[in-house]
Amino acid sequence: MNFQLQHTDPKSNARAGVITTDHGTIETPIFMPVGTAGSVKAVHQRELKEDIKAQIILGNTYHLYLRPGLDIIERAGGLHKFNGWDRPILTDSGGYQVFSLSDNRKLKEDGAHFRSHIDGSKHLFTPENVVDIQRIIGADIIMAFDECTPGTADYDYAKQSMELTHRWLARGLAHFDETEPKYGYSQTYFPIVQGCVYPDLRKQSAEFIASQNREGNAIGGLAVGEPTDKMYEMIEVVNEILPKDRPRYLMGVGTPANILEGIERGVDMFDCVMPTRNGRNGMLFTNQGIMNMKNEKWKDDFSPIDSAGTSYVDSFYSKAYLRHLFHSQEFLAMQIASIHNLAFYLWLAGEARKHIIAGDFSSWKPQMVRQVSQRL
RNA sequence: GGGCAGUUACCAGAGUGGCCAAAUGGGGCAGACUGUAAAUCUGCUAGCUUACGCUUACGGUGGUUCGAAUCCAUCACUGCCCA
């Protein structure tokens with residue numbers, strides 16, 4: 001993997017760059033659609049490429065390991081071959097499941113002992129075997145196994161948790177460096193900063209992560225229960241330290257406004273389930289604000305879903321029709337909403353990039369934050 | 001013409017003397033969702049009220065009773081069966 005920094009905004013930390021992988025290039029800042037189980041829910045690969053213009057998508061170690069299982073993925077020739085996505089893939093390590101499935105696991109020094117949410121069977125995830133699993137899945141960018149610390153954790157817990165993540169990182173990195181990719185293209189390993197909402201812990205974590213000197217770095221443990229202002233503050237603290245010549249990935253974030261704020265603070269990569277999950281639940285994000293498509297007010301609004309939208313569905317379907325589809329629980333509703341939202345997120349990241357390159361990001365961004373935060 | 005069963009909130013449907021403004025579904029109206037256990041979850045859904053509470057309500061009318069969606073009479077309507 002390679003990262004070329006192309007432009008830096010003169011008035012903020014926003015930057016534009018290009019990541020090169022063996023599966024193609026990624027122009028940053030970028031939003032990465034989430035395809036946990038090897039599929040971006042409700043979205044066809046062709047739409048992902050042609051309509052949404054996704055450059056990289058995510059998969060998930062925990063979910064793909066449990067189902068379909070490593071044997072199938074390996075026999076398929078890796079996830080790219082299995083799901084037909086020939087562009088870059090990033091896999092999360094299962095660190096988020098340590099947080100989101102916390103009732104189903106026990107954390108120990110060796111790793112996370114999970115009870116499968118599917119059938120209750122027991123599985124141990126360690127920093128080492130999570131590398132092995134991600135070697136088999138074959139993502140271009142693979143993530144360290146961490147504990148995603150809840151945003152509400154107290155200082156002592158957050159400190160312990162961060163230290164565990166650091167110890168796990170050392171083990172994971174050592175194992176990564178002594179193993180090889182399986183499918184003839186290279187993989188890179190991103191370490192993850194933790195430290196919850198505590199500036200000194202974040203600083204300490206960022207310094208430790210930076211010292212590992214990897215090709216890219218991630219910021220985890222944000223948008224998990226802490227106030228939004230704290231999140232922004234933590235991004236600032238961390239990005240002060242993370243190397244400027246490497247991509248920075250803010251994991252799991254967020255709303256359109258969160259993304260713009262993140263870009264301004266020097267983040268290059270984002271992923272979030274929001275455009276897809278909220279889309280399936282009837283919420284549309286547009287450059288004019290947020291719409292709940294189930295609301296009565298759209299019932300006889302025959303105007304296009306998003307007249308300023310860049311995707312096919314935006315001008316082809318009307319608001320009234322989409323509302324009808326949601327009320328009728330038609331699959332098409334979820335498809336349209338997911339395509340629209342993802343296309344919008346990719347558009348937003350792309351616009352930010354253009355404005356960074358043009359040099360007027362700092363004047364463009366506040367106005368766009370206001371617009372996207374409105375409720376329609 | 002005769003017999004039987006029924007009529008409950010937007011719909012379906014439970015409730016057969018007080019714990020009933022009335023179970024449960026559905027529909028409707030809102031809200032939530034941030035490295036996906038999510039096509040999920042939550043709230044509201046007679047009127048007024050922030051709430052307490054008050055008012056009007058279980059086909060119509062009239063009774064019995066301290067008290068009726070629930071018991072009685074009668075009228076209307078619906079369904080099924082027999083001629």
Side-chain angles (χ1 to χ4, degrees), chain A residues 31-43 56-64 66-67 89-105 114-120 130 134 139 141-151 165 190-194 218-228 231-232 248-259 261-262 267 269-285 290 292-299 323 325-338 341 345 375:
Chain A
F31 178 79
M32 309 181 284
V34 180
T36 304
S39 156
V40 177
K41 294 185 194 299
V43 180
I56 170 173
I57 64 172
L58 262 66
N60 183 281
T61 301
Y62 169 87
H63 290 276
L64 290 168
L66 288 181
R67 197 164 54 191
I89 294 178
L90 180 153
T91 41
D92 184 35
S93 60
Y96 186 71
Q97 280 62 44
V98 172
F99 163 76
S100 66
L101 299 176
S102 60
D103 292 344
N104 295 303
R105 56 74 177 163
F114 274 96
R115 197 168 274 285
S116 160
H117 69 285
I118 299 167
D119 64 4
V130 162
Q134 292 182 102
I141 300 171
I142 74 177
M143 301 304 300
F145 192 48
D146 65 335
E147 179 188 7
C148 176
T149 315
T165 289
F190 282 19
I192 304 170
V193 174
Q194 288 291 342
I219 308 167
L222 290 175
V224 283
E226 81 286 1
T228 305
M231 170 167 78
Y232 296 152
R248 300 164 175 150
Y249 164 29
L250 176 57
M251 305 184 75
V253 176
T255 65
N258 291 163
I259 287 171
E261 298 293 348
V267 175
M269 304 162 71
F270 301 85
D271 78 284
C272 190
V273 303
M274 213 175 244
T276 42
R277 180 192 287 167
N278 289 29
R280 290 194 305 280
N281 293 330
M283 182 182 285
L284 256 58
F285 299 93
I290 297 162
N292 182 343
M293 290 315 300
K294 293 178 181 171
N295 285 175
E296 190 169 26
K297 60 185 149 198
W298 310 117
K299 74 175 175 193
R323 176 180 191 271
L325 293 177
F326 270 112
H327 277 259
S328 306
Q329 296 176 61
E330 286 291 337
F331 298 144
L332 185 57
M334 292 179 283
Q335 295 180 38
I336 292 171
S338 300
N341 280 346
Y345 267 63
R375 294 198 75 107

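Worth saying up front: this structure is predicted, and the values here are computed from it rather than measured. Every chain is numbered from 1 and lettered A, B, ... according to where its sequence line falls, protein lines coming before strand lines.
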Would A/Tyr96 and A/His63 count as a close aromatic pair, with their ring centres under 6.0 Å? no

Side chain of A/Arg323 (C-beta onward), nearest among B/C29, B/U36, B/U40: B/C29

Distance-only side-chain donor-acceptor flag, A/Asp271 / A/Tyr249, under 3.5 Å: yes

With the side chain of A/Arg280 defined as its heavy atoms from C-beta on, choose the nearest nucleotide among B/G31, B/A37, B/A38. B/A38

On RNA chain B, compare the nucleotides closest to A/Val34 and A/Gln329; which residue's is nearer the 5' end? A/Gln329

Ignoring the backbone of A/His327, work out which of B/G28, B/A39, B/A37 is nearest its side chain. B/G28

Testing A/Thr276, A/Val273, A/Val40 one by one against A/Pro33 for a side-chain contact (heavy atoms from CB on, under 4.5 Å), which residue passes? A/Val40

Name the nucleic acid region contacted by A/Ile192, choosing base, sugar-phosphate or nothing; use a 4.0 angstrom heavy-atom cut-off, strictly under. base

Any N/O donor-acceptor pair, A/Asp146 side-chain to B/G35 base, under 3.5 Å: yes

Give me, pair by pair, the N or O atoms of the protein and of nucleotides 41-44 of chain B that are less than 3.5 Å apart, along with how far apart they are.
none

With a non-hydrogen cut-off below 4.0 angstrom, is A/Asn258 in contact with a base, only sugar-phosphate, or nothing? base

Of the listed B/C33, B/G35, B/A38, the closest approach to the A/Lys41 side chain comes from B/A38

Nearest to the side chain of A/Asn104 - B/G31, B/A37, B/U36? B/A37

